[in-house]
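Here the structure comes first, spelled out in C-alpha cells, and everything after it is commentary.
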Number of protein chains: 2
Amino acid sequence: MLGGLIFNLEPALDAQLRRDAGLSLFEYGVLAGLSEAPDRTLRMSVLAAIADGSLSRLSQVVSRLEKRGWLRRTPDPSDGRYTLAILTDSGWDKVVATAPGHVAEVRRIVFDPLTKAQVQQTAAIARRILQAIAPDHDCLNDRR
Amino acid sequence: MLGGLIFNLEPALDAQLRRDAGLSLFEYGVLAGLSEAPDRTLRMSVLAAIADGSLSRLSQVVSRLEKRGWLRRTPDPSDGRYTLAILTDSGWDKVVATAPGHVAEVRRIVFDPLTKAQVQQTAAIARRILQAIAPDHDCLNDRR
DNA sequence: CTGGATCACTTGAGGGTTGAAGTGAAGGTG
DNA sequence: CACCTTCACTTCAACCCTCAAGTGATCCAG
C-alpha cells in the first residue's frame, strides 16, 4: 500500500508543475531552494543536498535554468573550487508565480485528505524510514 | 518531511535490486506480477496496471526481459488485439532468486523501523492520499 | 460485407538521468 | 617549491522514460 504512494505522489506533483509552470519538480526545488537562501545564493553542492539530487544532475539542470535566465553561476571568490548559483530577479519572479499553485496541489493531495493526527503520524513515520535508508544523513532539517 | 521519503524510498529499493539482481524495481515488479498470476500469464494491459506503469513503458521493458529469456509474448488466441506475457521457467527462477533480498530490504527499510500501529497508520494515510490523486482509480486492490 | 471507429499494443524521436571519467583549483607533505 | 591527493564541479555516453504517431486486429453501422 505504500507502493502506490511511492509511484504516484511524485509524478502527481511533477505533473502539476509541468502543466502550470513548465517546470519539473526537481527544477522547482532548485529555484525554490535558492529563493529561500541568504542573498538567493548557494554553493552547487549545498543546493544539490537541498534539492535532494546528485551534483551531476544539478549541474545539468542548472545549465538549463541558466539558459532560461532564472539563475546564473559564478566561481566562489573565497574558494575557486566552489561555484555559486544565484537566483536572478527573473528567477525570483518565476518562483513567486509558481509557488502558490504548487503549494495548493500539495495541500490538496496531502494535507486536506489527512486529519491533523495523520499529518503528525506521517512526519514520525517518514523520519523513521529515512533513518533506515540513510542512518548517517542527519534528518533534523526538513528537505522541502 | 514527506518530501524526503518520496525522493529516497523508491531509489533505495531500486538500488538494492540493481546491485543484487541486475533488475530495476519496475522490471522486478513486472516479473513478480507475472509470477503471481494464473499460469504465470497476463495480458500486457493488465500487467501494466499491476506494475503501475504506462503500456508504452511496459512494452519496452518486456522487450528487454524477453531478450534476457525471462518471459515471452504471444498473441491472445481468443482476441488478436491482446498480447499475453508469459513468465518462462528461467524467469520464475529469477524471481525466486531475487524476491528474498527484495523482501528483506522492504522489511528493513519500512516494517522494522515502524511500530505495528504505524504500519496501520501508513496504510490509512496512503489510501487517503491516493484517493486524492486519482479519485476514480479504485484503490481496493493493493498494488505490490 | 465494407468502411470507419475503437482497441491493444508497438515504435521512434526527444529529452532527462545516471555513473564514470575528466578538469581545474586548493591543501598537504617532504 | 614540486608532487600528490582531495575537492567541487562538469562532461559524455549509455540508458531509460514519455509522448505522439503508427500498426494490426476487432467491432459495428449501414
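In what follows, chains are A, B, ... by sequence order, proteins preceding strands, each numbered from 1. All heavy atoms count here, side chains included; hydrogens, waters and symmetry mates do not.
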Length of the line joining [X]:[atom1] and [N]:[atom2], which is rounded to integer Å:
{"X": "B/Tyr82", "N": "C/dA8", "atom1": "OH", "atom2": "P", "answer": "4 Å"}
{"X": "A/Glu27", "N": "C/dG16", "atom1": "CD", "atom2": "P", "answer": "7 Å"}
{"X": "A/Arg64", "N": "C/dG14", "atom1": "CZ", "atom2": "C1'", "answer": "12 Å"}
{"X": "B/Glu10", "N": "C/dT17", "atom1": "CD", "atom2": "P", "answer": "14 Å"}
{"X": "A/Leu65", "N": "C/dG16", "atom1": "CG", "atom2": "P", "answer": "11 Å"}
{"X": "B/Phe26", "N": "D/dT18", "atom1": "CZ", "atom2": "P", "answer": "8 Å"}
{"X": "B/Glu66", "N": "C/dC9", "atom1": "CD", "atom2": "C1'", "answer": "13 Å"}
{"X": "A/Asp14", "N": "D/dC17", "atom1": "CG", "atom2": "P", "answer": "15 Å"}

Name the one of A/Leu47, A/Ile86, A/Thr74 that satisfies side-chain contact (heavy atoms from CB on, under 4.5 Å) with A/Thr41?
->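 Passing option: A/Ile86.
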Please state whether the base of C/dT11 and the side chain of B/Ser56 form at least one donor-acceptor pair under 3.5 Å?
->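 Per atom types, the contact qualifies.
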State whether the distance check finds a donor on one side and an acceptor on the other, under 3.5 Å, for side chain A/Gln60 versus base D/dC9.
->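 Side chain to base: no pair present.
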Do A/Gln121 and B/Ile125 come within less than 4.5 Å of each other through their side chains, counting heavy atoms only?
->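 In contact.
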Between A/Leu58 and B/Ser24, who's closer to the 5' end of DNA chain D by nearest nucleotide?
->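 Looking at DNA chain D, the more 5' nearest nucleotide goes with A/Leu58.
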Nearest nucleotide by nearest heavy atom, which residue falls closer to the 5' end of DNA chain D, B/Ser78 or A/Arg73?
->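 Looking at the nearest nucleotide for each, A/Arg73 comes out on the 5' side.
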Looking across every strand, which nucleic acid part, if any, lies under 4.0 Å from A/Asp79 by heavy atom: base, sugar-phosphate, or nothing?
->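 Sugar-phosphate contact only - A/Asp79 comes under 4.0 Å of backbone atoms but never of a base.
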Remember a base hit wins even if backbone is also touched, and classify B/Arg18 as base, sugar-phosphate or nothing at under 4.0 Å, heavy atoms.
->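 No contact.
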Output the single nucleotide from C/dT17, C/dG27, D/dC17 whose closest atom is nearest the side chain of A/Arg57.
->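 Nucleotide nearest to A/Arg57's side chain: C/dT17.
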Compare side-chain N and O positions of B/Arg81 against OP1 and OP2 of D/dT23 and report whether any pair is under 4.0 Å apart.
->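 The answer is no; no side-chain N or O of B/Arg81 sits under 4.0 Å from OP1 or OP2.
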Between A/Ser63 and D/dT10, is there a side-chain N or O to OP1/OP2 distance below 4.0 Å?
->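 For D/dT10, OP1/OP2 do not have a side-chain N/O of A/Ser63 under 4.0 Å.
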Looking at [Y], is its backbone amide N or carbonyl O close enough to the side chain of [X] to form a donor-acceptor pair, meaning the two atoms are under 3.5 Å apart?
{"X": "A/Ser59", "Y": "A/Leu55", "result": "no"}
{"X": "B/Asp76", "Y": "B/Leu84", "result": "no"}
{"X": "B/Arg128", "Y": "A/Leu114", "result": "no"}

A/Asp76 or B/Thr83, whichever maps to the more 5' nucleotide of DNA chain C =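 It is B/Thr83 whose nearest nucleotide is closer to the 5' end.
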